[in-house]
Amino acid sequence: MKEVIRRALSGAVYIILLLSAVFLSSDAFDFLFMTFGLACLYEYKRLVHLKGYHVFIAYLALWWGFIYLVNDRWLIHILMFLTISTNIALLFFLFSKKKKPFRVYQKFIIGLFYIGGGCIFLTMIPYKNNDFAKLLIMGIFILIWINDSFAYLVGSTLGRNKLFPAVSPKKTIEGTLGGFVFTAIAAYFLGRYEPIIGPMQWMILAGVIVLFGTLGDLIESKLKRSAGVKDSGAIIPGHGGMLDRLDSMVFAAPFAYLTLNIFAYVS
């Protein structure tokens, strides 16, 4: 019971912090996710035993440049290509049975683009035509929370078939499908009341978030399993580390950003 209360309280603090940043100002939102990115990088460095502080410096330079200085679409597309390519490489790592460790330069590149690139695109999502779309980013957070919550609830009550037992023994196919169904329903209603994109686009975006969010969660689970730890950290009582909390968001962010850009292009 104490563990449930502790998880609920720390989760409430996290949500209040996030909502406050979104509705306070775009600068507060930017700073919050820059800080989240640093925390995730710190935990990632510990998981893969990456020494030095070079990846922090590279991340801050990349983040500052793309959030405040870079307006060239081609440079953003190059960063998106590098980030998605890194994520695809991590998918090979996820499904590979080999336990070959990463080389030092691979650890650096993965940290910079998987964590750094993911946080940058997560920060860039609400910016549309130089406006800060608060409801768009809040809608995406709502979809992620609904997917996580209902995947857990459906999986714990109806789950029988394991999704990927070698990496995450508790995840089930029923839970994953349940999370997707409830997220799709929520996306439809978001589309009815949030005019930035329509109901069908919200539902497609929900599918992208559920698919790549689940894969991101599995990738982080494999990183932890390779490191022999249960959690990436202990910064959030009852929830583990910051990377434990943001793994699905960070991995899905560049794919969600790409999806939103495709919507803007075809509309």
Side-chain angles (χ1 to χ4, degrees), residues 30 32-67 70 75-96 98-125 140 144 148 164 167-168 208-227 229 231-233 235 240-259 261:
D30 295 347
L32 181 66
F33 273 92
M34 180 196 72
T35 306
F36 281 174
L38 287 172
C40 288
L41 262 183
Y42 173 75
E43 292 172 359
Y44 165 80
K45 279 178 79 276
R46 293 181 62 190
L47 287 177
V48 300
H49 305 290
L50 178 62
K51 298 179 180 179
Y53 298 95
H54 307 88
V55 72
F56 290 123
I57 297 170
Y59 162 66
L60 288 173
L62 198 67
W63 187 92
W64 189 267
F66 276 89
I67 298 302
V70 173
L75 290 177
I76 295 173
H77 291 159
I78 290 171
L79 178 63
M80 189 189 306
F81 172 78
L82 293 172
T83 303
I84 290 177
S85 296
T86 301
N87 287 357
I88 291 172
L90 283 172
L91 290 177
F92 282 100
F93 161 72
L94 173 63
F95 294 106
S96 173
K98 297 180 180 180
K99 295 186 177 180
K100 185 179 179 180
F102 294 122
R103 298 178 184 273
V104 174
Y105 77 90
Q106 291 173 323
K107 295 176 183 178
F108 178 88
I109 292 172
I110 291 170
L112 183 59
F113 293 110
Y114 158 53
I115 305 291
C119 287
I120 288 169
F121 283 110
L122 191 57
T123 309
M124 290 170 65
I125 282 174
I140 289 174
I144 291 170
D148 289 346
F164 204 151
V167 172
S168 184
V208 170
I209 289 170
V210 170
L211 173 61
F212 290 103
T214 301
L215 290 170
D217 190 44
L218 289 172
I219 286 169
E220 199 240 355
S221 293
K222 185 161 184 179
L223 287 172
K224 290 188 294 185
R225 187 167 287 270
S226 299
V229 298
D231 297 317
S232 65
I235 193 171
M242 187 60 69
L243 189 55
D244 292 319
R245 191 67 183 169
L246 296 179
D247 52 3
S248 56
M249 289 190 194
V250 167
F251 191 83
F255 299 100
Y257 185 85
L258 174 60
T259 302
N261 275 268

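Because the structure is a prediction, the values reported are computed rather than measured.
Partners of F108 by side-chain contact (heavy atoms from CB on, under 4.5 Å), not counting sequence neighbours, listed by chain and number: H54, V55, A58, L112. Every residue two or more places apart in sequence or in another chain was checked for a ring-ring contact (aromatic ring centres under 6.0 Å, His included) with Y53, and none qualifies. Taking the salt bridge (Lys or Arg N to Asp or Glu O under 4.0 Å) definition, one finds that D217 meets it with K171, sequence neighbours left out. The side-chain contact (heavy atoms from CB on, under 4.5 Å) search around V208 returns F212, F255, T259, not counting sequence neighbours. Residues passing the ring-ring contact (aromatic ring centres under 6.0 Å, His included) test with Y257 are F121, sequence neighbours excluded. Residues forming a side-chain contact (heavy atoms from CB on, under 4.5 Å) with D148 (at least two apart in sequence, or on another chain): I144, S248.
Separation of the F33 and F36 ring centroids falls under the 6.0 Å cut-off.
Atom CD of E220 and atom CD of E43 lie 8.0 Å apart (nearest 0.5 Å). If you take SG on C119 and CG on L62, they are separated by 11.0 Å, rounding to the nearest 0.5 Å. Rounded to the nearest 0.5 angstrom, I110 CD1 and I219 CD1 are separated by 9.5 Å. Here M242 contributes atom CE and L41 contributes atom CG; the two are 12.5 Å apart, rounded to the nearest 0.5 Å. With rounding to the nearest 0.5 angstrom, the CG atom of L50 is 6.5 Å from the OH atom of Y44. Separating the CG atom in L223 from the CG atom in L47 is a distance of 6.0 Å, to the nearest 0.5 Å.
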Sequence neighbours excluded and cut-off under 3.5 Å, please list the side-chain donor-acceptor pairs for residues 76-93, or say none.
from: H77; atom 1: ND1; to: R73; atom 2: O; distance (Å): 3.3
from: T83; atom 1: OG1; to: L79; atom 2: O; distance (Å): 2.8
from: S85; atom 1: OG; to: F81; atom 2: O; distance (Å): 2.6
from: T86; atom 1: OG1; to: L82; atom 2: O; distance (Å): 2.8
from: N87; atom 1: ND2; to: F251; atom 2: O; distance (Å): 3.4

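G52 and K45 make their closest contact through O-CE, 2.8 Å (heavy atoms, listed as atom of the first residue, atom of the second, distance). Heavy atoms only, all atoms of each residue included: I125 and A253 are closest at CD1-O, 4.0 Å. Taking all atoms of both residues into account, the shortest heavy-atom contact from K222 to S96 is NZ-O, 2.6 Å. Summarising the geometry of V167 relative to S221, their closest heavy-atom pair is CG1-CB, 3.6 Å, with the distance given to 0.1 Å. When all heavy atoms of S168 and L218 are compared, the closest pair comes out as CB-CD2, 3.8 Å.
When the shell of 6.0 Å around OH of Y42 is examined, it contains 12 or fewer heavy atoms from other residues, nucleotides or ligands.
Considering D247, L246, T35, D244 as possible partners of C40, the one that fulfils the side chain to side chain contact (heavy atoms under 4.5 Å, CB included) test is L246.
In this structure, the side chains of M34 and L60 come closer than 4.5 Å at one or more pairs of heavy atoms.
In terms of modelled atom types and a separation under 3.5 Å, the side chain of Y114 and the main chain of V250 share no donor-acceptor contact.
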